[in-house]
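Atom set for the values below is all heavy atoms of this structure, side chains included, hydrogens, waters and symmetry mates excluded. In what follows, chains are A, B, ... by sequence order, proteins preceding strands, each numbered from 1.
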Number of protein chains: 2
Amino acid sequence: MTRKNAAEAAENGVAQQLQADILSEYFRPGEWLKQADIENRYNANRFEVRMALSALAAKHLIDHVPNRGYRVINPSDRERAELYEVRTILETAAGRLAMQKCTDDDVAELGQMVEDFEAAINTASRAELIELNMAFHNKFYSLGGNDLLITQIRELRDRGLPGREGGWETVASLRASNEDHRQMVEMLRRKDADGLNYTIYRHLNRWREFSKPVTDENT
Amino acid sequence: MTRKNAAEAAENGVAQQLQADILSEYFRPGEWLKQADIENRYNANRFEVRMALSALAAKHLIDHVPNRGYRVINPSDRERAELYEVRTILETAAGRLAMQKCTDDDVAELGQMVEDFEAAINTASRAELIELNMAFHNKFYSLGGNDLLITQIRELRDRGLPGREGGWETVASLRASNEDHRQMVEMLRRKDADGLNYTIYRHLNRWREFSKPVTDENT
DNA sequence: GTAAACAATATTGGCTACTATTTTATCATA
DNA sequence: TATGATAAAATAGTAGCCAATATTGTTTAC
């Protein structure tokens, strides 16, 4: 991701741009976020920068060290495991609720979204694919009818994982992800609660299979 | 809760004091939090107040309405139901984890805490009882070994406090709550996962039986 | 008398500038 | 080389201004 132009910068808030750059690892895990740098990069004033930093700190996307500043979170293996454990709890529960309440039309619509994604893999841009992926999950979890649950899931998801390895990098992983979605829809259609549970679990925890130690570059 | 002195005010941040006053319902659900009032009440300057407000808004303890300000959340019946649904999801999951990992000593310690609470019901102050209750839940959920999960549970718990009815008012409800705890420990001892699951569910959702409509005082 | 239009008042929100405090880097000295 | 004093850099706290917006109060027209 390269430098943004002024028009774009004006539309989105500094916090959102900064968050995007953190998740895309322009700013790397553990890196210090100097206020002056942020100021320049987004053509913002000091006040905006400080508000943005404290906002992202509230979202636990960056850490605040008194008198030293803000740095991108650098989750330990343990913290990463805890995050995914909680996400698994919430998302499997959301799947359970979705299964209880979904109609045949819902299942059909989700199935269509899987097909659309499949078709888009080779043609669409990375951003569009992320958009489609988000849309699928939003639709899927909205079936449960619990808005708070969706919010919680999204917030944990947004904590994102700076420093995560793999995932969304290769076309193969995109396809694998979509196959998970296809299977989730199938489980929904069959009303197979245990199967859906396991599929969601695997969808979230597949990365563990390829996990490798990450160098800890705390200063 | 009355006006705090300067020394106390200096120690705790404005956000924490404000949160305490919201949870104790000094500021009532739906009430507007005028920056000038907060400023006076906690001997803080405008900047501190604004930081505190945005921090509490990030925790969803207050709502932010652009150009109008911040107000204490006032959950609708639906939102409250969603809140308890998510709490049930997280806390039953935490119970499951606790059962997987707890030792005999842990069970014994929890059992002792139940007895201590029982003994304290007639003698201790309300604040002390709340303290003991918190301690039990903290110990119980800590067994699962997932700090993030505990944090999430606590945050949702705080969000449920403003505007709730009943609960913790009568001695009878205190005793009933502690009986639930006793049963939770028993289930833990017996390694009865389904039983623990149901007990936690009932512990969280008993209030529904007595629920009554609440006047909506949004301005 | 009622309702719409308008004026006033109050409140929030964005911003600038300045000061203080803390940390980090530099350099001289033993 | 180690150490301590000093300078530089960065963050944190504070005061205050002004513009945008919302709320309240008043007047006017019908």
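- Look at CZ on B:Phe47: it is 16 Å from P on C:dA17, rounded to the nearest Å.
- Remark: the backbone N or O of A:Tyr84 is paired with a side-chain donor or acceptor of A:Thr88 at under 3.5 angstrom.
- One finds a side-chain N or O of A:Gln35 lying less than 4.0 angstrom from the OP1 or OP2 phosphate oxygen of D:dA12.
- Look at CD on B:Glu48: it is 14 Å from P on D:dA12, rounded to the nearest Å.
- Of the residues A:Ile62, A:Leu56, A:Leu18, the one that meets the side-chain contact (heavy atoms from CB on, under 4.5 Å) test with A:Tyr70 is A:Ile62.
- At a cut-off of 3.5 angstrom, the base of C:dG14 holds at least one donor-acceptor pair with the side chain of B:Arg50.
- Spacing between atom CH2 of B:Trp32 and atom P of C:dA10 amounts to 19 Å, rounded to whole angstrom units.
- Atoms NZ (A:Lys34) and C1' (C:dT24) sit 10 Å apart, rounded to a whole Å.
- Residue A:Met51 contributes atom CE, which lies 17 Å from atom C1' of D:dT11 at whole-angstrom precision.
- Closest to the side chain of A:His64, out of D:dA10, D:dA12, D:dT14, is D:dA12.
- Taking a cutoff of 4.0 Å between a charged side-chain nitrogen and a carboxylate oxygen, A:Lys59 and A:Glu155 do not qualify as a salt bridge.
- Between A:Arg71 atom CZ and C:dT23 atom P the separation is 14 Å, expressed in whole Å.
- Comparing A:Arg46 and B:Val65, the nucleotide of DNA chain C nearest to each residue sits closer to the 5' end for B:Val65.
- Note: CZ (A:Arg68) to P (C:dA25) measures 9 Å, nearest angstrom.
- When the nucleotides D:dA22, C:dC15, C:dT23 are ranked by their closest atom to the side chain of A:Asn67, C:dT23 comes out on top.
- With hydrogens and angles ignored, the 3.5 Å screen pairs no side-chain donor or acceptor of A:Asn178 with any backbone N or O of A:Arg175.
- Following rounding to the nearest Å, A:Glu39 (CD) and C:dA17 (P) show an atom-to-atom distance of 12 Å.
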